[in-house]
Undergrad: 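What follows is a single structure, and I will ask about it in a moment.
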Amino acid sequence: MTTPDTQQPTAVIVGGGQAGLATAFYLRRAGVPFVILDDQPGPGGAWRHAWPSLRLFSTAEFSNLPGRPMPRYDGFPPATHVVDYLASYEARYGFTVERPVHVTGVTWSAGRYTVHGMTDTGPRTWTAPHVVAATGTWSAPFVPALPGTFGGRQWHTVTYPGPAAFRGSTVAVVGGANSGAQIAAELALAAAESGDGGTGSGNPVTWYTRHPPRWMPDDVDGRALFRRNRSRALTVARGEPDPGADTSLGDIVMVPAVRRARDAGLLTATPMVDSLDDIATDHLIWCTGFRPALGPFRSLLSHGIPRQPGLHLVGYGDLVGPGAATITGVGMYAKQVAGEIATGTATQP
Ligand code: FAD
């Protein structure tokens, strides 16, 4: 029997993480047939690859996709909780996600898109008048270009395996946002606890940031960022100018490990150097963020904007809108795109 998702799809969703699933939720509600293609072996999107100690920066009640809330969790949930949630979300709505399918390119001709993918059994194509790009950012880590040479081993947030790999070594952590703070804190605490270093003398972790860290108040968690993002998104949706982020609130959430390391004097930032020649540690971990993983759509975009109707972007953060990359924030963008597909009113670029 053919399921509704695979009958002559009106939309092909590329990416089976939270953004793809939220879009599927609203397309299903609108009765629009779709397929979801994802290159992972199972549910969870990028959350499958998070480093072992990563925790959400808000509690489960504030990390919901449309329809089915995240199951309860005491404290800040680990990434495994999100993976389980996304798996149960797919199951709850009976979404068929075709896996693993790596989409290699998307082309457009006479009002239809052709999605080219590589499956376990070889190349395959799907065609539809609409394509939703929901590929996230995890597969496009960003490393800034710096002059000079670093002689040690380089890592990125995406490859950080947890502190054990760095025991007894010196480490430079580069990046003044949440992942840099969390990884630097974890490494510094692990080193202090194992006797590899300690407060003031010989902390083997140097945390490089381009600007002084902007800590959020200790009693505020990621909910404040979500509220700020939502209010920005609603303002933009009303056609008013984007008020921008409220930088006075800060942007590093004081999750327990970050707070502990800061309070122990283990988490002080060093101004970023101008050349890699000035970093002499054994390891260098780039916590310098990501770019939208839009490679397969490149020929269809101009500065990140689709060249013709029927191609939609969901997730990705500020390229799409405030909060679009977050679990709780993606729903409003998914709903808007599903509405455009259902009514055939995709905005002309
Ligand atoms: P993804 O989860 O990356 O899903 C995209 C899917 O598409 C993946 O399965 C990917 O493999 C697949 N894909 C990519 N390219 C292709 C291709 N060519 N063909 C087929 N499939 C493809 N948000 C919060 O709300 N709370 C938090 O606490 C939080 N913490 C974060 C911490 C870190 C370190 C990071 C990096 C992000 C965090 N986020 C958080 C932001 C956000 O929730 C995640 O980035 C989330 O994974 C984004 O979901 P997504 O569906 O847009 O992308």
Side-chain angles (χ1 to χ4, degrees), residues 1-25 27-28 32-52 54 65 68 78-108 113-128 130-142 156-161 290-301 311-316 325 327 330 334 337:
M1 195 182 85
T2 312
T3 65
D5 289 357
T6 54
Q7 291 167 349
Q8 291 298 316
T10 298
V12 178
I13 301 173
V14 184
Q18 65 204 32
L21 297 184
T23 310
F25 172 88
L27 286 176
R28 168 69 59 76
V32 175
F34 59 87
V35 294
I36 310 174
L37 311 177
D38 186 60
D39 63 4
Q40 296 299 303
W47 296 105
R48 299 171 60 83
H49 302 286
W51 64 91
L54 178 69
L65 290 176
R68 178 178 170 78
T80 49
H81 190 71
V82 187
V83 173
D84 292 346
Y85 171 49
L86 296 184
S88 70
Y89 193 89
E90 279 182 23
R92 162 72 181 81
Y93 295 107
F95 293 145
T96 307
V97 181
E98 298 199 29
R99 292 189 173 99
V101 178
H102 180 66
V103 171
T104 51
V106 181
T107 52
W108 183 83
Y113 290 91
T114 301
V115 177
H116 304 262
M118 185 56 72
T119 72
D120 277 349
T121 53
R124 215 182 125 184
T125 57
W126 292 258
T127 62
H130 293 270
V131 172
V132 178
T135 48
T137 58
W138 190 262
S139 57
F142 173 72
H156 189 276
T157 311
V158 298
T159 52
Y160 173 65
F290 302 86
R291 294 291 180 263
L294 289 167
F297 308 94
R298 192 160 292 132
S299 66
L300 303 169
L301 298 168
L311 174 60
H312 313 263
L313 274 52
V314 179
Y316 303 115
I327 302 170
V330 72
V337 161

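These values consider heavy atoms only, across backbone and side chains, with no hydrogens, waters or symmetry-generated copies. Numbers here simply count residues along the sequence, with the first being 1.
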Undergrad: Measuring only between side-chain heavy atoms, which start at C-beta, is Tyr113 closer than 4.5 Å to Leu300?
TA: yes
Undergrad: Quick one: does Pro100's side chain get under 4.5 Å of Asp120's, heavy atoms only?
TA: yes
Undergrad: Nearest 0.5 Å please: distance from the CD atom of Gln18 over to the CH2 atom of Trp47.
TA: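 The CH2 atom of Trp47 is 6.5 Å from CD of Gln18, to the nearest 0.5 Å.
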Undergrad: Decide yes or no for Val314 and Ile13: does some side-chain heavy atom of the first lie under 4.5 Å from some side-chain heavy atom of the second?
TA: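 Contact flag for Val314/Ile13 side chains = no.
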Undergrad: Just so I know, are the side chains of Tyr93 and Arg68 near enough to count as touching, which here means a heavy-atom distance under 4.5 Å?
TA: yes
Undergrad: Less than 4.5 Å apart, any side-chain heavy atom of Val131 and any of Trp108?
TA: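 Side-chain contact under 4.5 Å: no.
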Undergrad: Side-chain polar contacts of residues 134-141 - donor-acceptor pairs under 3.5 angstrom, sequence neighbours left out - could you list them?
TA:
| unit_1 | atom_1 | unit_2 | atom_2 | d |
| --- | --- | --- | --- | --- |
| Thr135 | OG1 | Ala293 | O | 2.6 |
| Thr135 | OG1 | Tyr316 | OH | 2.6 |

Undergrad: Working to the nearest 0.5 angstrom, can you tell me the gap between Thr23 OG1 and His312 NE2?
TA: 10.0 Å
Undergrad: Tell me, do Leu311 and Leu301 make a side-chain contact under 4.5 Å, heavy atoms counted?
TA: yes
Undergrad: Taking all non-hydrogen atoms of both residues, which atom of Ala50 and which atom of Leu54 are closest, and how far apart?
TA: CB-CD2, 3.5 Å
Undergrad: To the nearest 0.5 Å, what is the distance between OG1 (Thr10) and CG (Leu27)?
TA: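 Answer rounded to 0.5 Å: 8.5 Å.
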Undergrad: Sequence neighbours excluded and cut-off under 3.5 Å, please list the side-chain donor-acceptor pairs for residues 37-46, or say none.
TA:
| unit_1 | atom_1 | unit_2 | atom_2 | d |
| --- | --- | --- | --- | --- |
| Asp38 | OD1 | Gly16 | N | 2.9 |
| Asp38 | OD2 | Gln40 | N | 3.3 |
| Asp38 | OD2 | Arg99 | NE | 3.0 |
| Asp39 | OD2 | His102 | ND1 | 3.3 |
| Gln40 | OE1 | His49 | NE2 | 2.7 |

Undergrad: Less than 4.5 Å apart, any side-chain heavy atom of Phe95 and any of Arg28?
TA: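 Yes - at least one pair of side-chain heavy atoms lies under 4.5 Å apart.
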Undergrad: Only counting residues at least two apart or in another chain, list the ones meeting side chain to side chain contact (heavy atoms under 4.5 Å, CB included) with Ala128.
TA: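 With neighbours one apart ignored, the set is Val12.
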Undergrad: What are the two closest heavy atoms between Val330 and Ile327, and how far apart are they?
TA: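 Closest heavy-atom pair between Val330 and Ile327: CG1-O, 3.6 Å.
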Undergrad: I'd like to know if the side chain of Tyr85 reaches the main chain of Leu65, judged simply by a donor and an acceptor atom lying under 3.5 Å from each other, with no hydrogens or angles considered.
TA: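 Yes.
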Undergrad: Tell me, which pairs form a salt bridge (charged side-chain N to carboxylate O under 4.0 Å, His left out) where one or both residues lie in residues 14-25, sequence neighbours left out?
TA: none
Undergrad: Who are the salt bridge (Lys or Arg N to Asp or Glu O under 4.0 Å) partners of Arg124, not counting sequence neighbours?
TA: Glu98
Undergrad: Can you name the residues that form a side chain to side chain contact (heavy atoms under 4.5 Å, CB included) with Thr125, not counting sequence neighbours?
TA: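 For Thr125, the residues satisfying side chain to side chain contact (heavy atoms under 4.5 Å, CB included) (neighbours in sequence not counted) are Thr114, His116.
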Undergrad: So which heavy atom on Leu294 is nearest to which on Ala133, and how close?
TA: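 Where Leu294 meets Ala133 most closely, the heavy atoms are CD2-CB, 4.0 Å.
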Undergrad: When rounded to the nearest 0.5 angstrom, what distance separates CG in Leu86 from NE2 in His81?
TA: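 With rounding to 0.5 Å, CG (Leu86) is 10.5 Å from NE2 (His81).
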